[in-house]
Amino acid sequence: MNITFLIGNGFDIELGLETRFSDFFKQLSPEKIATNQIYEKIHVSPDEWSDFELALGKYTFKLGDDYRKLSSEEEKRELIKTFLENLENVKLDLGDYIEKEELEFKKLGKKFESPKKYMDNLFNDLLPTENVVFRNVFAGTLDNDYNFSAISFNYTSLFDEAMKPLEEAFEWQPFQKIRKGIFGEIVHIHGTFTRFLTLGVNDLKQIDSELFEDDEIYQLVKPYDVIETREDRDGLAIRKISDSQIIVIYGMSLGETDKKWWQHICEWLAKNKSNLLIIHAFDADFSSVRISSKLVKLRQNIVKSFLDYYEGEKEYLKEQIFLLVNNKIFFPQKDLKDAEIPILEKEIN
């Protein structure tokens, strides 16, 4: 059986790293901001840029208004050249910042606890009837070998380091029964701070594509950029999703600029009704289950938002999606900084 994690910026935030785009932006100097039109736009209207990647795409439409007012092709090309140079500098600056955050974390000398016990408890916080669904899946398979892997949307290597103890076969004990587990490949779909850092939108509809030459589009559209690097990260990630029986999404905002992956997962759910999806949702306003309505409404909203990315029949897929709220499955060490991560907050990943 194959179990795949999709890991987002919430993992790094939980460890105490300040890796939101707003964290990155607030440490930029006034001089740096003044030299980059993208930074200047964020400085003037920060609320409009709370989701940086989506806002970047919207900004290209405003840029298009200026572009179409220019009379000469030379002026138009200069406008686009400057914008793309500014975007490249954002990526370079962001990579430097994320690298610094990771290095500072490592300087603290924090040691990751063995992740095995958290893997053993992977399904424990599901509600009773949900827990039964997963118990039945495991009871109904003769497979005793469980292969874990991950698609990381983070630029850091911290999740990779945390999983290293599981790279060799280990005894996995979900539901009190011993099975053999091994944590395999981790695909950094959007690169790392040292290699092919990828930043942008999901597709051509999210930018004013008429402004850019065909050989420039990849700089703005993440799936194109990933393919252009020719590392097959895209193919690897798609195959991991297709070959999975269980997928766990952790620390991600389920935003529009990663729509491609939510669509792939919806298609994966639709292909086999025994495929199961767990979404870890973080909501700072959710603190109690004293009454059912808060949990039910949150579940309904998140599942609906997720399935809105799918164009096929949605209703029967709801039974294959399970929600865990504010569940810190990975390394909830008491001496690490706690962080509240609102479910709809847009992050760097």
Side-chain angles (χ1 to χ4, degrees), residues 9 19-99 153 155 189-231 233-234 253 255-260 346-349:
N9 195 31
T19 47
R20 296 179 176 90
F21 193 88
S22 57
D23 297 322
F24 159 67
F25 185 76
K26 70 184 180 184
Q27 55 82 48
L28 293 173
S29 68
E31 293 76 19
K32 174 75 76 172
I33 292 172
T35 61
N36 187 305
Q37 64 176 291
I38 298 172
Y39 291 153
E40 287 185 320
K41 297 298 180 183
I42 298 172
H43 180 69
V44 172
S45 304
D47 291 343
E48 293 180 12
W49 289 79
S50 58
D51 180 338
F52 172 77
E53 291 179 319
L54 198 59
L56 180 69
K58 291 178 180 178
Y59 176 61
T60 65
F61 291 96
K62 295 180 180 178
L63 193 68
D65 294 338
D66 296 333
Y67 177 92
R68 293 175 180 92
K69 291 175 184 177
L70 297 173
S71 55
S72 74
E73 287 301 315
E74 184 178 349
E75 289 177 309
K76 290 179 178 180
R77 289 312 306 159
E78 185 62 29
L79 181 72
I80 300 305
K81 178 185 175 183
T82 300
F83 168 73
L84 292 176
E85 287 175 350
N86 286 175
L87 178 58
E88 185 174 279
N89 287 329
V90 171
K91 295 177 183 180
L92 291 171
D93 293 341
L94 178 60
D96 289 342
Y97 174 78
I98 298 295
E99 181 176 22
F153 289 71
Y155 305 132
I189 188 62
H190 293 155
T192 66
F193 58 72
T194 60
R195 185 175 178 84
F196 298 142
L197 186 152
T198 305
L199 188 69
V201 299
N202 182 77
D203 53 61
L204 293 177
K205 292 180 181 179
Q206 294 178 353
I207 61 170
D208 190 339
S209 58
E210 294 180 2
L211 306 183
F212 307 99
E213 302 290 342
D214 290 345
D215 60 358
E216 295 172 333
I217 290 289
Y218 77 94
Q219 298 178 62
L220 287 151
V221 181
K222 289 185 290 189
Y224 293 6
D225 197 356
V226 171
I227 291 171
E228 283 294 334
T229 61
R230 303 186 181 184
E231 291 188 316
R233 284 177 283 149
D234 185 79
S253 62
E256 292 180 54
T257 56
D258 288 315
K259 179 169 68 173
K260 170 179 177 171
K346 305 307 179 184
E347 298 149 355
I348 291 177
N349 50 37

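Looking at every heavy atom in both residues, T35 comes nearest to K32 through OG1-O, 2.8 Å. Nearest approach of D23 to T19, heavy atoms of both residues: OD2-N, 3.5 Å. The two residues F25 and H43 make their nearest non-hydrogen contact at CZ-N, 3.7 Å. Of all heavy-atom pairs spanning G200 and T257, the tightest one is O-CB, 3.9 Å. The two residues I33 and E40 make their nearest non-hydrogen contact at O-CG, 3.2 Å. Scanning all heavy atoms of the two residues, the minimum distance from V226 to I189 falls at CG2-O, 3.3 Å.
One finds the CG atom of L220 at 12.0 Å from the OH atom of Y59 (value rounded to the nearest 0.5 Å). Here the straight-line distance linking atom CD1 of I80 with atom CG of L211 works out to 4.5 Å at 0.5 Å rounding. Of the inter-residue distances, the one linking R233 atom CZ with F196 atom CZ reads 7.0 Å to the nearest 0.5 angstrom. Between the CZ atom in F212 and the CG atom in L84 there is a gap of 5.5 Å [rounded to 0.5 Å]. I207 contributes atom CD1, which lies 11.0 Å from atom CG of L63 (distance to the nearest 0.5 angstrom). Between atom CZ of residue F193 and atom CG of residue L92 there is a gap of 14.0 Å, rounded to the nearest 0.5 Å.
Proximity of E231 to R195: side-chain heavy atoms (C-beta onward) are separated by under 4.5 Å at one or more points. Inter-residue side-chain proximity for F83 and I38 is flagged as met; some heavy-atom pair is nearer than 4.5 Å.
Pairs passing the side-chain hydrogen bond (donor to acceptor under 3.5 Å, both in side chains) check and including a residue from residues 211-221, sequence neighbours excluded, read R77-E216.
A donor-acceptor distance shorter than 3.5 angstrom exists from the side chain of T60 to the backbone of D208, with no hydrogens or angles considered.
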What do the steps show when you test R20 against K26 for side-chain contact (heavy atoms from CB on, under 4.5 Å), and what is the final call? CA-CA 10 Å; R20 296 179 176 90; K26 70 184 180 184; over 6 Å; no
Going through the distances and angles, do I42 and F21 end up as a side-chain contact (heavy atoms from CB on, under 4.5 Å)? CA-CA 11 Å; I42 298 172; F21 193 88; 3.8 Å; yes
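Contacts of K58 classified as salt bridge (Lys or Arg N to Asp or Glu O under 4.0 Å), with partners at least two apart in sequence or in another chain: none.
Residue K260 places its NZ atom among more than 12 non-hydrogen atoms of other residues, nucleotides or ligands, all under 6.0 Å distant.
Aromatic ring pairs are classed by plane angle as parallel below 30°, tilted from 30° to 60° and perpendicular above 60°; the pair H190 and F153 is perpendicular. Below 30°, between 30° and 60°, or above 60°: for F52 and W49 the angle between ring planes is between 30° and 60°, a tilted geometry.
One side chain, D93 or Y39, offers a donor N or O that lies under 3.5 Å from an acceptor on the other.
At a threshold of 4.0 Å, the pair E256-K259 does not count as salt-bridged, since none of the basic side-chain nitrogens sits closer than that to a carboxylate oxygen.
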